[in-house]
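Reviewing the structure listed below.
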Amino acid sequence: MKSIDTRGFQQDLLGWYHNNKRDLPWRKDGDPYKIWVSEIMLQQTRVDTVIPYFNHFMRLFPTIKDLAEADEETVLKAWEGLGYYSRARNLHTAVNEVQEHYGGVIPADPVSIRKLKGIGPYTAGAISSIAFHYPEPAVDGNVMRVLARIFTICDDIAKNGARKRFEAIVREIIAENEAADFNQALMELGAMICTPRDPDCHSCPVAEHCYAREEGVQAYLPVKAKKKPPKNVYLDTYVVVNAGGELLIEQRSDTGLLAKLWQFPMTEKEQEQEKLQDEVSYVQHVKHVFSHLVWEMDVYLLQIGEEEEQAWLEANERRKFVHPDDLTLYPFPVSHQKIIDGAIADNMN
DNA sequence: TATTCGTGGGC
DNA sequence: TGCCCAAGAAT
């Protein structure tokens, strides 16, 4: 391990952060609840994407108590479009844990924080340091990238065990009395200056401490293995309309992909097939790309009579007919938004 | 340890 | 366009 001037590094980093930190809604006060919510939303999600969701979320659920007492479906609706929906369900579970076990007050120690649902090593460190000023590491992708360059570390940061080495480094170089700013400064630097592609070394406040810069290898760090390509899934999707003009929707499984969100009935097919013909009219093809799979959806419109309603409902306990205007009450995945738009447009005819 | 969890933006 | 990426956690 190469060594740096730790005190000089801290001063240069903290000085830059003081003058350049972004004015973000969760930085306006030190409310641990706001910091918690923001950290969950920010997992694998950009700041610009999170800001409107955070502001809306705080109007709906201003306090832990408000969030704990809300229906899970209401929380999921507030999360609609943000992705990784288990974050919303786990956060809802965790705030109820705080209500029951901690009298509604977020525990201040890192060990207790880490035990809450949906809070892993990074988020525990982030809340502990930012909200409660413990000198704990908060190692995310930014921090691994920055430190890989500062110390020319060639470990594959895509590997699961990589984080621990960086946590050990942070424990050595963290500004003990300014842990909140130090951790945020490392992340801010990674987001604004020490970016994945084309890092702006000329503007970097800690360039003189950076071995990658000195050796001219910043473009080759960090090392990160490529992930395998997504798998294709072929689906028939049915917009079923009854005699009353209502649409058939169903709630997805309590676990797995898009858990507990709503959708139009879908059936998976072995592979890409000929379009269906009788009884149904083909509407559109919708392609939706997830992290690890791709949905190829053939969407069909199906008008049914009263006698057919029961059969469609009995095929799945989690189905119901709803008026088109009421679709906005349910959390749908983004993959279904354009189907909804089309379905409502069709219903106007 | 590797895979499963979304989505939108940038080039 | 296709690919990479973003303040990760759960399994």
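Naming convention: chains lettered A, B, ... in sequence-line order (proteins, then strands); numbering from 1 in each chain. Side chains are part of it too, since the values below use all heavy atoms of this structure and drop only hydrogens, waters and symmetry mates.
- Ranked by how close their nearest DNA chain B nucleotide is to the 5' end, A:Arg87 and A:Lys228 are led by A:Lys228.
- When heavy atoms are screened at a 4.0 angstrom cut-off, A:Lys224 is found touching the sugar-phosphate backbone but no base atom.
- Rounded to an integer number of Å, the gap from A:Arg46 CZ to B:dG6 P is 18 Å.
- Backbone-only engagement by A:Gly256 is indicated by non-hydrogen atom pairs under 4.0 Å involving sugar-phosphate atoms exclusively.
- Using modelled atom types, one side-chain atom of A:Tyr85 and one backbone atom of A:Gly81 make a donor-acceptor pair closer than 3.5 Å.
- Aromatic ring pairs are classed by plane angle as parallel below 30°, tilted from 30° to 60° and perpendicular above 60°; the pair A:Phe332 and A:Phe264 is tilted.
- For A:Lys115, the side-chain contact (heavy atoms from CB on, under 4.5 Å) partners two or more places apart in sequence, or in a different chain, are A:Val111.
- In this structure, A:Val50 reaches neither bases nor backbone, as no heavy-atom distance under 4.0 Å exists between it and the strands shown.
- Between A:His288 and B:dG6 there is no side-chain N or O to OP1 or OP2 distance below 4.0 Å.
- Shortest non-hydrogen contact noted between A:Arg149 and A:Pro199 is NH1-CB, 3.7 Å.
- Using a 4.0 Å heavy-atom cutoff across all strands shown, A:Leu24 reaches at least one base atom of the nucleic acid.
- At whole-Å resolution of the value, CG in A:Asp155 and P in B:dT1 are 12 Å apart.
- Phosphate contact (OP1/OP2 of B:dC5, side-chain N/O of A:His292, threshold under 4.0 Å): present.
- Each of A:Trp26 and A:Ile119 was matched to the nucleotide of DNA chain C holding its nearest heavy atom; the match closer to the 5' end belongs to A:Trp26.
- Using a 4.0 Å heavy-atom cutoff across all strands shown, A:Thr123 reaches sugar-phosphate atoms only and no base atom.
- The base of B:dG8 lies outside donor-acceptor range of the side chain of A:Thr45, with no N or O pair under 3.5 Å.
- What separates CD1 of A:Ile40 from P of B:dG6 is a distance of 15 Å, to the nearest Å.
- C:dA6 sits 15 Å from B:dC5 when the C1' atoms are compared, rounded to a whole Å.
- Enclosure of atom CG in A:Asn19 by more than 12 non-hydrogen atoms of other residues, nucleotides or ligands within 6.0 angstrom is indicated.
- Residues A:Gln43 and A:Thr123 have side chains that bring a donor and an acceptor to within less than 3.5 angstrom of each other.
- Comparing A:Lys159 and A:Thr49 along DNA chain B, the residue whose closest nucleotide (by nearest heavy atom) sits nearer the 5' end is A:Lys159.
- Annotation: C:dA7 and B:dC11 have their P atoms spaced 16 Å apart (nearest Å).
- When rounded to the nearest whole Å, the span between CG of A:Leu293 and C1' of B:dT3 equals 12 Å.
- Across all strands, A:Ser86 comes closer than 4.0 Å to no nucleic acid atom at all (heavy-atom distances).
- Base contact: A:Arg22 has a heavy atom under 4.0 Å from a base atom.
- Summarising the geometry, the separation between CG on A:Asn160 and P on B:dC5 is reported as 17 Å, rounded to the nearest angstrom.
- Between A:Tyr84 atom OH and B:dC5 atom P the separation is 10 Å, expressed in whole Å.
- In this structure, A:Gln44 places its CD atom 12 Å from C1' of B:dT4, rounding to the nearest Å.
- Between the C1' atoms of B:dT1 and C:dG8, the separation comes to 16 Å (whole Å).
- Residue contacts shown for A:Arg27 include a base, since a base heavy atom lies under 4.0 Å away.
- A:Glu97 and A:Tyr102 are not linked by any side-chain donor-acceptor pair at a separation below 3.5 angstrom, with hydrogens and angles left out of the test.
- Summarising the local packing, NZ of A:Lys226 is surrounded by 12 or fewer heavy atoms from other residues, nucleotides or ligands at distances under 6.0 Å.
- No continuous path of hydrophobic side-chain contacts links A:Val289 to A:Tyr234 [ILVMFWY only; heavy atoms under 4.5 Å].
- Between B:dG6 and C:dT1, the two P atoms lie 26 Å apart (nearest whole Å).
- Nucleotides of DNA chain C with any atom under 4.0 Å from a heavy atom of chain A span, from 5' to 3', C:dC4 to C:dA10.
- Whole-Å rounding puts the A:Lys227 NZ to B:dT4 P distance at 12 Å.
- Remark: the separation of the P atoms in C:dA10 and B:dG8 is 24 Å, to the nearest Å.
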